[in-house]
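Position 1 is the first residue of the sequence, and the numbers go up from there. Counting starts at 1 for both ligands and their atoms, following the listed order.
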Amino acid sequence: MKASAIIVAAGSGVRLGHSTPKAFVPLGGAPLLSYSLEALAHVDGIGEAIITLPSGMESAARTEIRRAGLDLPVKLTPGGAERQDSVRIALALTSALAEIVVVHDAARPFATSANFAGVIAAAARAGAAIAAIPLADTLKQVSEPNLIVGTVPRAGLWLAQTPQAFRRDLLIEAHRRALAAGIVATDDADLVQRLGATVEVVAGATLNFKITTADDLAVAAAIVAARADRSAPSSSNR
Ligand code: C5P
């Protein structure tokens, strides 16, 4: 079967300073989640989608799924306490016929269809692959509260993003072991690495940043506005 897509969207908006759950915070007039759904709608080879949601958001999610033209079987499920719990819950709902599962954070609205396709193709070949970008800044080790104690050489350091794609059996085993051992990681690749499996990186994009703070949301809004401006018909007298 084709790949299964998991979109994790069950987080709160606390760090954003919003009472609305993060995936439903408006960005350019549409909820954050809608951007990931639109990207997913244009990826070939996806057979189903599982979306984790905060409670009470099912109907709003269905509206966005329709609007994005996501013409796939979609299962909606409440998330867990942490992101990792949400992924595990969604994973249990994926079809056993899917060879590849691709996981994406709804909090990254600018992931492209090409980002999805890239990690799916690499995972189909290599077992596991994530979108990532090489670190551009200088990395400092800081002791509490504000004293630099070292500089971490940045050669070979990359920033992990989503989408991340894995052979389904590998990801299930990684989550099973993590649960049994009480391991909590901030991404799925880490859990798969702990199995001793190799994980490839595929070029992500600087624009594929995660919305965490109000500043991130303001930057994202400026990007959406600039894109809308560019695609608007130009007036010759402007
Ligand atoms: O909190 P953070 O932005 O790191 O979460 C990354 C993604 O995981 C978000 O899209 C969020 O909605 C999702 N998430 C989830 N369940 C949780 C926590 C986060 O689905 N319990």
Go through the side-chain N and O atoms of Thr213 and Arg15 and say whether any donor and acceptor fall under 3.5 Å apart.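 Note: Thr213 and Arg15 side chains miss the donor-acceptor criterion.
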Answer yes if the side chains of His104 and Asn115 hold a donor-acceptor pair under 3.5 Å, and no otherwise.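 There is no such pair (donor and acceptor under 3.5 Å, judged by atom type) between the side chains of His104 and Asn115.
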Enter the distance from Leu76:CG to Ile50:CD1 here, rounded to the nearest 0.5 Å.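 One finds 9.0 Å between CG of Leu76 and CD1 of Ile50.
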Pairs meeting criterion ring pair (Phe, Tyr, Trp, His ring centres under 6.0 Å) with involvement of residues 138-158, two or more places apart: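 Every pair satisfying ring pair (Phe, Tyr, Trp, His ring centres under 6.0 Å) with a residue in residues 138-158: there are none.
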For Glu82, give me all partners under salt bridge (Lys or Arg N to Asp or Glu O under 4.0 Å), at least two apart in sequence or on another chain.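 By the salt bridge (Lys or Arg N to Asp or Glu O under 4.0 Å) rule, Glu82 matches no residue at all.
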Pairs flagged by salt bridge (charged side-chain N to carboxylate O under 4.0 Å, His left out) wherever residues 22-47 is involved - sequence neighbours left out: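 Output for this query is empty, none listed.
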Would you check ligand 1 and list the protein residues that come within less than 4.0 Å of it by any heavy atom, ordered by chain and number?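 The 4.0 Å shell around ligand 1 contains Val8, Ala9, Ala10, Gly11, Arg15, Lys22, Thr52, Gly80, Ala81, Glu82, Arg83, Ser86, Asp105, Ala106, Ala107, Lys210.
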